[in-house]
Amino acid sequence: MRYKHKVISPYSNLNKSLSMVRRIQFRKFLNHKILKIISEKCKNLLKMILEDLKREGIGIIVRKNPGRSLKFIILDVNGKEYEIDVENWEECEVLKKFPLLKILVRNEVVGKPPKDIEPAHVKVMRKLELADYEPMSDVGHLRFYPNGTLIHDLLQDFAFWKIVHPLKCMKVDTPALYRANYPRVKELCGKFDARIYKLKVDNVEFVLRPAAGDLGVFEMLSKATISWKNLPFSVYDYSHCYRLEQRGECTGLKRNRYFWMPDIHSFCKDWEEGKKIFEELSYAYSRLMDALNIEYAFAWRVVKDWYPKLKDLILRILKNVNKPALIELLPGKKHYWVMKNEWQAIGSDGFNAQISTVQLDLENSERFGIYYIDKDGKKKGCIIVHSSIGSIERQMYAILETAVKREKEGKLPMLPLWLSPEQVRVIPVSERHLEKCVEICEILEKNKVRVGLDDRSETVSKKVFEAKRSWIPYIVVIGDKELKSGKLSVVKRELSTVKKDYKEEMTVEELIREIREKCGDMPFRPMYVPREMSKRISFVPWGGD
RNA sequence: GCCCCGGUAGCUUAGAGGUAGAGCGGCGGCCUUGUAAGCCGCAGGUCGCGGGUUCAAAUCCCGCCCGGGGCUCCA
């Protein structure tokens, strides 16, 4: 630890002045005071102390206010509660059985351990030619290569076909740019002023939307005619969002200033209906995590007074999802919701990142200007369930981090098959085998398999090496032997280890059947790059690992 | 936004005041290849940008930009 002195402060808005104090501290070294300031009421006192410290040149670290929440508990699937003792949190019994939850608890309760390594997915996203930093743009605006764009699009397809469509949401589209002085915009963006992109055009101030839905959808619905017969209904907005995240926070796909957010807002006539939708969305998001093969822990934040009334619902969801959860009980209502849940992906670096979330807003929608006409002919506000499937970039972050974790078990890292940009790579031993390979590729393509053909004049060893480097799930080598037998020699990545390949002889039909089975009814898109390796561009040339 | 570290060819990097080096990749040729990198040759560099110190700066100093890590925050 560089500083001998700490101020524990809940006031991030004092950061600027704190930074100045810190700068002075570098030239002078002083006392050994540790100050803990937790109460809201200490704001002025804190300012005064800061002035004093500034004069003395004492260094400062701002820490998360430990008095923020009332308490943390773990609720297991049997309904048993375990209160977390902040001092001896590791003693908690359930945590010993659920390592992912334990990591989440550590991060939330005692803070993340510092690590000097970049998260694993940053190298992977470049190596697999998925995404990259874009020097011409602002920090946190990534560019996506064809393979990354394909995954991005498939995740969008999943959101639509597997979540939005079954839940019968109405899909809408709304602008990214809004007038800064419009009351609705002022209210939403005012709270997060520091993170809003602002621009001036012809002397008019504009902001870029920081989230999907909240601006455009609410405005749209405030002008709509809604009857009690229409309730409940859900609206889906898939939009690019802009948040001026702090520079040091934008690392790879973990957090960006530009990202795509699939959001669902559900409007219900009472809170029983709200709870029902809350539950449905929760199960949909749980299926998303499974489909993406993301390792996650379950977190909930509940306003204390509401917890007894909502515990049954929480428990039912935990049972169905079969996961215990960390529940943070909040002393009061800080946001518009009284309860929210969060699917927290745990990265290979031991960090957590929220993917999906469902938020139950039991206040009615009047403050958003959204009303429906009830049976009695009176205008009434409805209950809103706010939810986000989770930004596509975050989903990609979590998929890559989970994939990398396989290495720790001696397995090879890989993406879920339905998301692998290239599912099969066909390698001819020499030129005279090329014709047969093309034939096989065409059969595979007809059966919705993404297949690449390494038609370059390279040795088999090299072609296999490169296929493995690209995490290709199935590598097929075709030579005289295969021409004769009519079978394929297939290396399956899923069953191979770092030390040994898992090889199997199979017919084209068997390979197709296996791939179709594993992909199930997940969305499909063809490859975004040419089938032939000789025709492909190298976006991120390899310079050795 | 602040603190620490870094930026040399497309990529990974060596060089720490005195003529810019390598590996991989690329291109050309040879090889027709049997499961983690075939052989030879060629091209490729305002040493992140700007200013300063010096006879001389990739190298030292200042500012900026970009990247990584950390703190803080996260609708």
Side-chain angles (χ1 to χ4, degrees), chain A residues 1-3 6 9-23 25-26 59-65 111-119 122-123 126-127 133-139 187-192 194-196 209-215 241 243-252 255 261 263 334-337 340 349 353-354 357 359 386 388 412 425 427-434 456-469 475-482 489-491 496 498-501 503 537-545:
Chain A
M1 177 99 16
R2 198 163 182 113
Y3 307 103
K6 291 181 198 169
S9 161
Y11 301 108
S12 58
N13 54 358
L14 289 172
N15 263 7
K16 258 188 190 158
S17 47
L18 290 177
S19 306
M20 285 165 65
V21 177
R22 234 186 264 175
R23 186 174 263 179
Q25 192 266 343
F26 273 105
I60 285 171
I61 290 170
V62 184
R63 282 221 169 267
K64 193 182 264 187
N65 172 12
K112 297 157 193 165
K115 289 202 176 168
D116 290 332
I117 46 157
E118 66 175 6
V122 179
K123 277 210 170 68
R126 304 191 72 246
K127 177 177 150 175
Y133 296 113
E134 172 53 74
M136 280 199 300
S137 186
D138 189 12
V139 174
E187 200 206 321
L188 183 85
C189 297
K191 264 199 266 179
F192 306 97
R195 280 187 234 307
I196 301 292
R209 71 170 154 221
D214 301 42
L215 285 172
C241 300
R243 293 183 190 178
L244 211 52
E245 299 292 3
Q246 296 173 84
R247 214 185 148 281
E249 271 295 341
C250 301
T251 299
R255 185 176 298 181
M261 186 70 104
D263 264 15
K334 188 183 162 198
H335 301 287
Y336 48 76
W337 44 263
K340 73 179 286 211
D349 51 359
Q354 177 190 306
T357 177
Q359 302 164 355
H386 308 250
S388 172
L412 296 169
R425 171 79 53 86
I427 297 173
V429 171
S430 76
E431 265 173 46
R432 68 175 181 281
H433 307 111
L434 200 54
R456 297 171 307 162
S457 170
E458 296 288 351
T459 60
V460 174
S461 291
K462 184 162 182 175
K463 290 194 268 198
V464 169
F465 167 71
E466 290 190 10
K468 285 179 180 171
R469 190 155 54 81
I475 301 170
V476 176
V477 176
I478 302 292
D480 292 338
K481 215 168 69 189
E482 287 74 20
S489 166
V490 184
V491 175
S496 299
V498 182
K499 287 180 187 154
K500 200 172 179 350
D501 288 351
K503 252 191 260 182
I537 292 167
S538 178
F539 290 99
V540 186
W542 184 55
D545 282 326

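In what follows, every chain begins at residue 1, and chains take the letters A, B, ... in the order their sequences are listed.
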Using whole Å, report how far [atom1] of [X] lies from [atom2] of [N].
X: A:K123; N: B:rU13; atom1: NZ; atom2: C1'; answer: 13 Å
X: A:L244; N: B:rC74; atom1: CG; atom2: P; answer: 16 Å
X: A:K127; N: B:rA36; atom1: NZ; atom2: C1'; answer: 11 Å
X: A:R469; N: B:rG25; atom1: CZ; atom2: C1'; answer: 9 Å
X: A:Q354; N: B:rC74; atom1: CD; atom2: C1'; answer: 9 Å
X: A:E134; N: B:rC65; atom1: CD; atom2: C1'; answer: 15 Å
X: A:E466; N: B:rG34; atom1: CD; atom2: P; answer: 16 Å
X: A:R255; N: B:rG70; atom1: CZ; atom2: P; answer: 12 Å

Roughly how far, to the nearest 0.5 Å, is the NE2 atom of A:H433 from the NZ atom of A:K481?
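Separation between the atoms: 11.0 Å.
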
At what distance, to the nearest 0.5 angstrom, does CD of A:E482 lie from OG of A:S489?
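Separation between the atoms: 5.0 Å.
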
Closest listed nucleotide, where the reference is the side chain of [X] and the choices are [options]:
X: A:E482; options: B:rA36, B:rG34, B:rC73; value: B:rG34
X: A:V429; options: B:rC74, B:rA36, B:rG34; value: B:rG34
X: A:S489; options: B:rA75, B:rU35, B:rG10; value: B:rU35
X: A:P541; options: B:rA75, B:rG25, B:rG34; value: B:rG25
X: A:Q359; options: B:rC66, B:rA36, B:rA75; value: B:rA75
X: A:Q246; options: B:rU35, B:rU33, B:rG1; value: B:rG1
X: A:I196; options: B:rU33, B:rA75, B:rG69; value: B:rA75

Under 4.0 Å between a side-chain N or O of [X] and OP1 or OP2 of [N]?
X: A:T459; N: B:rG38; value: yes
X: A:T251; N: B:rG69; value: yes
X: A:K462; N: B:rG25; value: yes

Evaluate the side-chain proximity of [Y] to [X]: yes if any heavy-atom separation is below 4.5 Å, no if none is.
X: A:K340; Y: A:Q354; answer: yes
X: A:P428; Y: A:K463; answer: yes
X: A:R425; Y: A:V464; answer: no

Looking at the base of B:rU33, is there any donor atom on it, or on the side chain of A:S457, that sits under 3.5 Å from an acceptor on the other one?
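Answer yes: a donor N or O sits under 3.5 Å from an acceptor.
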
Check whether the side chain of A:R243 and the base of B:rC73 form a donor-acceptor pair under 3.5 Å.
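For A:R243, whose side chain was compared with the base of B:rC73, there is no donor-acceptor pair (under 3.5 Å).
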
Under 4.0 Å, heavy atoms only, any strand: does [X] hit a base, just the sugar-phosphate, or nothing?
X: A:V139; value: sugar-phosphate
X: A:R432; value: sugar-phosphate
X: A:K481; value: base
X: A:C250; value: sugar-phosphate

Considering heavy-atom distances to RNA chain B, does A:R126 or A:F465 have its closest nucleotide positioned more toward the 5' end?
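With A:R126 and A:F465 compared, the 5'-side residue is A:R126.
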
Using the [atom1] atom as the point on both nucleotides, what is the distance between [M] and [N], in whole Å?
N: B:rC61; M: B:rC73; atom1: C1'; result: 36 Å
N: B:rG15; M: B:rG67; atom1: P; result: 26 Å
N: B:rA9; M: B:rC47; atom1: C1'; result: 10 Å
N: B:rG48; M: B:rA57; atom1: P; result: 15 Å
N: B:rC3; M: B:rU59; atom1: P; result: 23 Å
N: B:rC71; M: B:rC64; atom1: C1'; result: 23 Å
N: B:rU54; M: B:rC60; atom1: C1'; result: 10 Å
N: B:rG21; M: B:rG44; atom1: C1'; result: 14 Å

Partner nucleotide of [N] by Watson-Crick or wobble geometry (both distances under 3.5 Å):
N: B:rG45; answer: none
N: B:rG21; answer: B:rU13
N: B:rC60; answer: B:rG52
N: B:rU35; answer: none
N: B:rG1; answer: B:rC71

Take A:V498 and A:L412 through the test side chain to side chain contact (heavy atoms under 4.5 Å, CB included) and record every step on the way to the result.
CA-CA 6 Å; A:V498 182; A:L412 296 169; 4.1 Å; yes

Main-chain N/O of A:R243 paired to A:R195 side chain as donor or acceptor, under 3.5 Å:
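It does not hold such a pair.
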
Should A:R209 and A:D214 count as an ion pair when the cut-off is N to O under 4.0 Å?
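Salt bridge flag = no for A:D214 with A:R209.
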
